[in-house]
Amino acid sequence: MIKNLVKVNAHNACVTKILGDYRKSYRTLLLNVLALVIAFFVPIGGLIINVLSFLLWVVPDKRIEKIKNK
């Protein structure tokens, strides 16, 4: 979804600057795969990792605030 947003808003430098970095998406994907594997052995561990993955998206991105305040 983020890649499509960047593609559609290619003319808008702010959107590309904010969303052009996919690290958060890749981290979430990695954490979800890790949680799936760990949940087979320690179910509560998988739940904890999923909560950490969720927190990545709840905490506001500082880049958005910096660009907004400019």
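Keep in mind it's a predicted model, so treat the numbers as computed, not measured.
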Anything under 3.5 Å between a donor and an acceptor, one on a side chain of residues 37-45, the other on a protein residue two or more places apart or in another chain? List them.
none

| query | Can you pull the side-chain hydrogen bond (donor to acceptor under 3.5 Å, both in side chains) pairs that have at least one residue in residues 28-39, sequence neighbours excluded? | reply | Thr28-Trp57

| said: Quick check: is Leu47 connected to Val33 through a chain of hydrophobic side chains (ILVMFWY, heavy atoms under 4.5 Å apart)? | reply: no

| query | Got a second to check how far Ile48's CD1 is from Leu31's CG, nearest 0.5 Å? | reply | 13.0 Å

